[in-house]
Number of protein chains: 2
Amino acid sequence: MGNTVSIKDIARKFKCAPSTISRALNDHPMINIDTRKTIQEYANKVGYQKNTISLSLLNKRSKTLGVIIPSISHYHETAIIEGLEAILQPAGYLLNICVTNESQVLEKEYLDRLVANRVDAICISLSQETFDHSLNEHIDLAISRSLPIIFMDRFYHALDVDRVITDDFKGAFMATEHLVQMGCQRIAHLHGPRGITVSQQRFMGYEACLKKYGREVEDELVKQVMFSPESAVEATKNLLDQKAKPDGIFAVNDEVGFGAMKVIQERNYKIPEDIALVGFDDIPLAAFAPIALSSVSRQSKKIGEKSAKLFLSKMNGIFDHQQVTLEPELIVRSSSQRNHFSKI
Amino acid sequence: MGNTVSIKDIARKFKCAPSTISRALNDHPMINIDTRKTIQEYANKVGYQKNTISLSLLNKRSKTLGVIIPSISHYHETAIIEGLEAILQPAGYLLNICVTNESQVLEKEYLDRLVANRVDAICISLSQETFDHSLNEHIDLAISRSLPIIFMDRFYHALDVDRVITDDFKGAFMATEHLVQMGCQRIAHLHGPRGITVSQQRFMGYEACLKKYGREVEDELVKQVMFSPESAVEATKNLLDQKAKPDGIFAVNDEVGFGAMKVIQERNYKIPEDIALVGFDDIPLAAFAPIALSSVSRQSKKIGEKSAKLFLSKMNGIFDHQQVTLEPELIVRSSSQRNHFSKI
DNA sequence: AAAAATTACGCAAACGTTTGCAATTGAACT
DNA sequence: AGTTCAATTGCAAACGTTTGCGTAATTTTT
């Protein structure tokens, strides 16, 4: 900190102008080849490290991407980060990662801070609160100062924005349809937290599929949970306590699927014979659930990669908005694979 | 980007000096109260946002912490980040998170970039390669320029450094001792990747405990795996294929525990009666394993919190080095809880 | 009424780097 | 010897903000 050496310091040493040092260090042909080498060697010796901050000030480019996510405790989010990093590291960028815990206040606070730090763009997955109460002046404000904002996972009301999402509706539809095809007659849904796009989309996919097969959504077959296995326990017990039990369950994510599975097994129902189960996200442990858990992959890492590429294209002056939708993929495992198909 | 308004812009508008605007915006009493209000209102209206970059340049403080981790795909790492963020967000800091994938080259690259960006300090969990080959000139270099570096999880050869770790040795000892007390006679260990401190420490704890109870480490009871459930499958099969099977397994982490459990159940051994199993990390899904998985909590979130506090104390001028060691906690669940104790 | 004190603001340097342009030097050409 | 040209290097401004010090205007004190 105290002993950082700057270009000016080197200039003093060589009794020349800072500009000469700068050019020498950047291998500018304008500078005599020998002087260049001498200066470079000296700079190397004293451990000179370019100060990027001054450059950012000059170029109005910080080579940093702001990332705002509601949580970081699930596979999905870490995979997104891995995807971002895979593309952005080779491109010389750094990531400023901010976790909002679904709080709009924190989101606003972080957004301000990122703007103040002049990040080149922001990849954001909106907080639940922002969504619930449409508290998005801070987002609009950021957009209005033409800072590139890329929305991940969660929709934003505005039309002409950049966005990378997976088709959760479709994924849910596929999961439900798979249960139908496995012969399930009463398919329950463990519904995610209210107000979150992901929850809504998955419910709608579930609903649409039932409708396709001439069924109705029965309220007592839809229970709301958080994204944790613990929260699924109570809800699943409720489901199994009913006179007409479900014979198939579509869980809003794999953690919830784990929770549901626990309860089902404790009650001594067979999976998938009595109750078939499908989750969402295809977490690495899904295959190692008590009964290997069928799931829908939402291509989490690819979301990060696509977002990063979209960001890079913006940095290269492509300013028209893009909306990328990734296809979900159904992974069938033992928790839903029935060998004897029932008629529908 | 183009339409960002600066203090100079505002100064032009009011036909006054930038210094006046600066003071007005910072509510400096030197400036007339009315002028202050007028300027503040105007700044607000046109959406003025302080440029922190110029401040960083001036103050030689970026209000940013660099974080370098080998991976981000496990609970442990995300919990650390949560801990860091919990303390550092209220303090006004941002996190620059870099994932090295255990590569020394990437680690060096990221370290350089963070230094160039003049982060106020770096929290680092060393990469496996750095460790394996003692390729740590880059670390020493960073230390020599008196940039505060806080080591997490993995030891560093130098003595006078800052460090926050959990006592993995002790945790492994506790896990093994628990298995002994549950009556296990042949305790196997699924050993983590070579060269990683965490693997070594846990093996040593296992070894020390066996020694305490007058047993020897049997080579055929120690199998090496990666940190994934997949990699545990083959290793566990090897263990079970032996004439003298183990009746207890200490897995280097919970994911490996999941993998082992899968194999054990496929072979129709009872857990914990035939084989008792203990993991490490206490991931959120541990309780929802096929048989609720006993585990050792390494206080991951607390590592982040402690590191953050250590960092803050450094920012406040406390420059003597600190070494924090957190106590692991054994969480006993069904996978190892035997009701009928065997004699040892 | 003169001196002192107070109030309110401007000037300029500083942080570290880049870059267009001017300036200097020496060599080559007429 | 005078002119032109190329090869090097220096100057100064710029990015946005803060801050010590100077200064002008106004008020208070003697």
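Throughout, protein chains are lettered first and strands after them, A, B, ... in sequence-line order, and every chain is numbered starting at 1.
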Under 3.5 Å donor-acceptor, B:Gln104 side chain and B:Thr130 backbone
no

B:Lys314 atom NZ, neighbour heavy-atom count above 12 within 6.0 Å
yes

Roughly, in whole Å, what's the span from CD1 in A:Ile21 to P in C:dT19?
16 Å

Could you name each residue pair satisfying ring-ring contact (aromatic ring centres under 6.0 Å, His included) that touches residues 104-126 of chain A, not counting sequence neighbours?
none

What are the 5'-most and 3'-most nucleotides of DNA chain D lying under 4.0 Å from any heavy atom of chain A?
D:dT8 to D:dG16

Hey, could you give me each pair passing ring-ring contact (aromatic ring centres under 6.0 Å, His included) that has a residue in residues 15-68 of chain B? Not counting sequence neighbours.
B:Phe14-B:Tyr42

Please tell me if the side chains of A:Gln89 and B:Glu109 come closer than 4.5 Å, counting only heavy atoms from C-beta onward.
yes

Assess whether a salt bridge exists between B:Asp9 and B:Arg12, defined as any Lys/Arg side-chain N lying under 4.0 Å from an Asp/Glu carboxylate O.
yes

Using 4.0 Å as the upper bound for N to carboxylate O, is an ion pair formed by B:Glu107 and B:Arg154?
no

Heavy atoms only, 4.0 Å cut-off, all strands: where does B:Ser6 land among base, sugar-phosphate and nothing?
sugar-phosphate

The correct set of residues in residues 43-59 of chain A placing a heavy atom under 4.0 Å from DNA chain D is A:Leu57, A:Leu58

Between A:Lys63 and A:Asp120, does any NZ, NE, NH1 or NH2 come within less than 4.0 Å of an OD or OE carboxylate oxygen?
no

Any side-chain donor-acceptor pair under 3.5 Å between A:Asp153 and A:His76?
yes

Quick one, which residues of residues 22-30 of chain B touch DNA chain C with a heavy atom under 4.0 Å?
B:Arg23, B:Met30

Rounded to whole Å, NZ of B:Lys8 lies from P of C:dA12 at a distance of 14 Å

Position toward the 5' end of DNA chain C (nearest nucleotide), B:Thr20 or A:Val5:
B:Thr20

Quick one: list whatever passes side-chain hydrogen bond (donor to acceptor under 3.5 Å, both in side chains) with A:Asp27, sequence neighbours left out.
A:Arg36, A:Gln40

